[in-house]
Amino acid sequence: MLKRTKIKTLLQSEQTIAQVLVKGWVKTKRDSKDFSFIEINDGSCLKNIQVIANNTLNNYNEIKKLTTGSSVAVTGALVESAGGKQKYEIKADNIEIYGIAPEDYPLQKKGMSDEFLRTIAHLRPRTNKYGAAFRVRSRLSYAIHNFFQERGFVYVHTPIITASDCEGAGEMFQITTLDLKNPPLLPNGEIDYSKDFFGKESRLTVSGQLNGEMYACALGNIYTFGPTFRAENSNTQRHAAEFWMIEPEMAFADIYDNMDLAEDMVRYLVKDIMENCAEDLDLFEKFVDPTLKQTLSNIVDNGFARITYTEAIEIMQKSGHKFEYEPVYGIDMQTEHERFLAEEHFKRPVIVRDYPKEIKAFYMRLNDDGKTVAAMDVLVPRIGELIGGSQREERYDVLVEKIKETGMDIKNYEWYLDSRKYGTVPHAGFGLGFERMMMLVTGIANIRDTIPFPRTPKSVSF
RNA sequence: UCCGACUUAGCUCAGCGGUAGAGCAAUCGGCUGUUAACCGAUUGGUCGUUGGUUCGAAUCCGACAGUCGGAGCCA
């Protein structure tokens, strides 16, 4: 019994093969007088393989009805192509039709807008561009694991469901099994969450960081890589309600170790994709971002600029550039500021560190100046913030004070504080938005086109 | 959530006060080792929803919804 060979393998073949079996979907068909050209794609690579179907095939009348999107199994000889544009083609001995795609098949042979393709997100992976995007996505995931595993980081699965309602990173989705039309109530009229599934209010995680820190303070270096949820009503090209985040955490590390890791990781990932997804990147450069390879090479070759927040403000003030919001010390950086630094001033990724404590999260380590915290953001051209991280506050008393200042309930953070109470160590980590990394390596402008079935406000179809 | 634009055939768009048009797709036919093939014909739309102005609205005004772009939140 002949086994199926992937098209990618056939196209890389050193020689012709007497008999092969390919299975896939019809991309396009052109009929000639006595035979048909059928291009088949099976998702293994960008390229199709051309099949020659002669009218001597016993089911040629059926084969002539094949439409774009139909599925087939083709048996035949892999031969040198008589036509110009491809090395090999298959002379079919037999074509089995699995399923015809009726005339309302929505994918056309010509270009379709990303906006339209989002409305058929279940079929868009069959297009060249989305097929390429999701092959890259797979490779990028693999490369992330490789990067950390090669460095001895332990992969930790942090929980998706959490009861700490204030991780400080945004609005959260509540989850419940209570009957929303008729919830159990306390005497004071409030909802009685002791009757809920977990016995208390629970939500979807906005970050695995606090859990990750606990494992770093045991296993040394760890990373998480999993789904993350934000219930913010964000309507931008770079926000999704459900996305994947990578969060490494290193014990016995400071903010400089953290910056080194972030830079090494981004450059490693870009290099890996350039080496392993070259054909797909060609497509993105041709149809999505003509400067893509130049951008990626720049990242791999040149390294990142590193400045402090204070220096960043000074650079902008002295630049003579007209900002809508004047850069003055103490403000949170606007998108226009981030883009100016990465795109115009440095023309490459830049890491900004040591932000005023007022504009950053409670767990970030207070610097000796008493004014700033050891936070660092990696800003990249076009996308803005790719990575946000910090050295964590390891001093018990300082951390308790910060939690109180923020107005949070210490009781909810006792488990977190235990890591500082029992053998505290300096440690640091960051969060990388996986889809933003996808945007960086593919040039795709909208985050909705980097994730198979995007979840954004007013959109949960599929 | 705020600001702006947009919503007309399956897709991309034109029409901007007198009851709808193109290209592509699809369907049918022709031609050709073709390759986002080519040529011809055909089919296809209560112009986002809902109020209003008007003799008459796809076209003007309002509300709502959705989409896109920018901003905020951040990954």
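Per chain, numbering begins at 1; letters A, B, ... match sequence-line order. These numbers were taken from a predicted model, which means no experiment stands behind them. Values below: all heavy atoms of this structure, side chains included; hydrogens, waters and symmetry mates excluded.
A ring-centre distance under 6.0 Å is not found for A:F304 and A:F346. Outside the 6.0 Å centre-distance limit, the rings of A:Y413 and A:Y363 are not counted as a close aromatic pair.
By the 30° and 60° cut-offs, the orientation of the rings of A:F225 relative to A:H145 is tilted. Using cut-offs of 30° and 60° for the angle between ring planes, the A:F173 and A:F229 rings count as perpendicular. Classified by interplanar angle (parallel below 30°, tilted 30° to 60°, perpendicular above 60°), the ring pair A:F323/A:F340 is perpendicular.
Spacing between B:rG4 and B:rG17 at atom C1', rounded to whole Å, works out to 26 Å. When the C1' atom is used for both B:rG66 and B:rG48, the distance is 8 Å, rounded to whole Å. Only the P atoms considered, B:rU49 is 11 Å distant from B:rU59, to the nearest whole Å. Nucleotides B:rU53 and B:rU19 have their P atoms positioned 22 Å apart, rounded to a whole Å. B:rC60 and B:rC68 are spaced 24 Å apart, taking the P atom of each and rounding to whole Å. Across the P atoms, B:rA65 and B:rU50 are found 15 Å apart, a figure rounded to whole Å. Distance noted for atom C1' between B:rU32 and B:rG69: 46 Å (whole Å). Rounded to whole Å, the C1' atom of B:rC16 lies 8 Å from the corresponding atom of B:rA58.
Taking each heavy atom of A:R230 and A:V206 in turn, the nearest pair found is NH2-O, 2.6 Å.
Aromatic stacking is not marked for A:F434 over B:rA75, as the cut-offs of 5.5 Å for the centres and 30° for the planes do not both hold.
Among the atoms of the strands shown, only primed sugar atoms or phosphate atoms (P, OP1, OP2) are found under 4.0 Å from some heavy atom of A:F116. Contact annotation for A:E115: backbone-only contact, meaning every heavy-atom pair under 4.0 Å involves sugar-phosphate atoms and none involves a base. Residue contacts shown for A:D104 are absent, as no nucleic acid heavy atom lies under 4.0 Å away. Among the heavy atoms of the strands, none lies under 4.0 Å from A:T228.
The closest side-chain donor-acceptor pair between A:S138 and A:S141, if any, does not fall under 3.5 angstrom. In this structure, a donor-acceptor pair under 3.5 Å is present between the side chains of A:D354 and A:N367. Side-chain contact, A:S81 with A:Q86: a donor N or O sits under 3.5 Å from an acceptor N or O. For the residue pair A:Y60 / A:D34, no side-chain donor-acceptor distance below 3.5 Å is found, with atom types taken as modelled.
At B:rG69, one or more side-chain N or O atoms of A:Q237 fall inside 4.0 Å of OP1 or OP2 (strictly under the cut-off). Between A:R118 and B:rC68, a side-chain N or O to OP1/OP2 separation shorter than 4.0 Å is present.
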Please write out each protein N/O paired with an N/O of nucleotides 30-34 of chain B under 3.5 Å, distance rounded to 0.1 Å.
from	atom 1	to	atom 2	distance (Å)
B:rU32	N3	A:D31	O	3.0
B:rU32	O4	A:D31	O	2.2
B:rU32	O4	A:S32	N	3.3
B:rG33	O6	A:K91	NZ	3.3
B:rG33	N1	A:E89	OE2	2.7
B:rG33	N2	A:Q50	NE2	3.2
B:rG33	N2	A:E89	OE1	2.3
B:rG33	N2	A:E89	OE2	3.1
B:rU34	O2'	A:R30	NE	3.3
B:rU34	O2	A:R30	NE	2.7
B:rU34	O2	A:R30	NH2	3.0
B:rU34	N3	A:Q50	OE1	3.0
B:rU34	N3	A:Q50	NE2	3.1
B:rU34	O4	A:Q50	NE2	2.8
B:rU34	O4	A:Q86	NE2	3.0

Mind listing the N/O atom pairs, protein and nucleotides 38-44 of chain B, below 3.5 Å?
none

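Non-hydrogen atoms lying under 4.0 Å from RNA chain B are contributed by A:D332, A:Q334, A:T335, all within residues 327-342 of chain A. Taken residue by residue, residues 120-148 of chain A places no heavy atom nearer than 4.0 Å to RNA chain B. At a non-hydrogen distance threshold of 4.0 Å, A:E385, A:L386, A:I387, A:G388 from residues 383-392 of chain A come into contact with RNA chain B. Of the residues in residues 444-462 of chain A, those placing a heavy atom less than 4.0 Å from an atom of RNA chain B are A:N446, A:I447, A:R448, A:K458, in numerical order.
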* List the steps, then state whether salt bridge (Lys or Arg N to Asp or Glu O under 4.0 Å) holds for A:E385 with A:R436. => CA-CA 9 Å; A:E385 188 174 341; A:R436 289 191 182 172; 5.5 Å; no
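Applying the side-chain contact (heavy atoms from CB on, under 4.5 Å) test between A:I299 and each of A:V380, A:V441, A:V270 identifies A:V270 as the sole match.
Salt bridge status for A:D449 with A:R124: present, with a side-chain N to carboxylate O gap under 4.0 Å.
At a cut-off of 3.5 angstrom, counting only N and O atoms as typed in the model, there is a donor on one side and an acceptor on the other between the side-chain of A:R230 and the base of B:rA75. Between the base of B:rG10 and the side chain of A:E103 there is no donor-acceptor pair shorter than 3.5 Å. Judged by atom type and distance alone, A:S234 does not reach the base of B:rC74 through any side-chain donor-acceptor pair under 3.5 Å.
For B:rA5, the paired base is B:rU67 (Watson-Crick or G-U wobble, both distances below 3.5 Å). Across all strands shown, the partner of B:rA41 is B:rU27, judged by Watson-Crick or G-U wobble contacts whose two distances both fall under 3.5 Å.
Straight-line distance from the CD1 atom of A:I359 to the P atom of B:rC73: 10 Å, rounded to whole Å.
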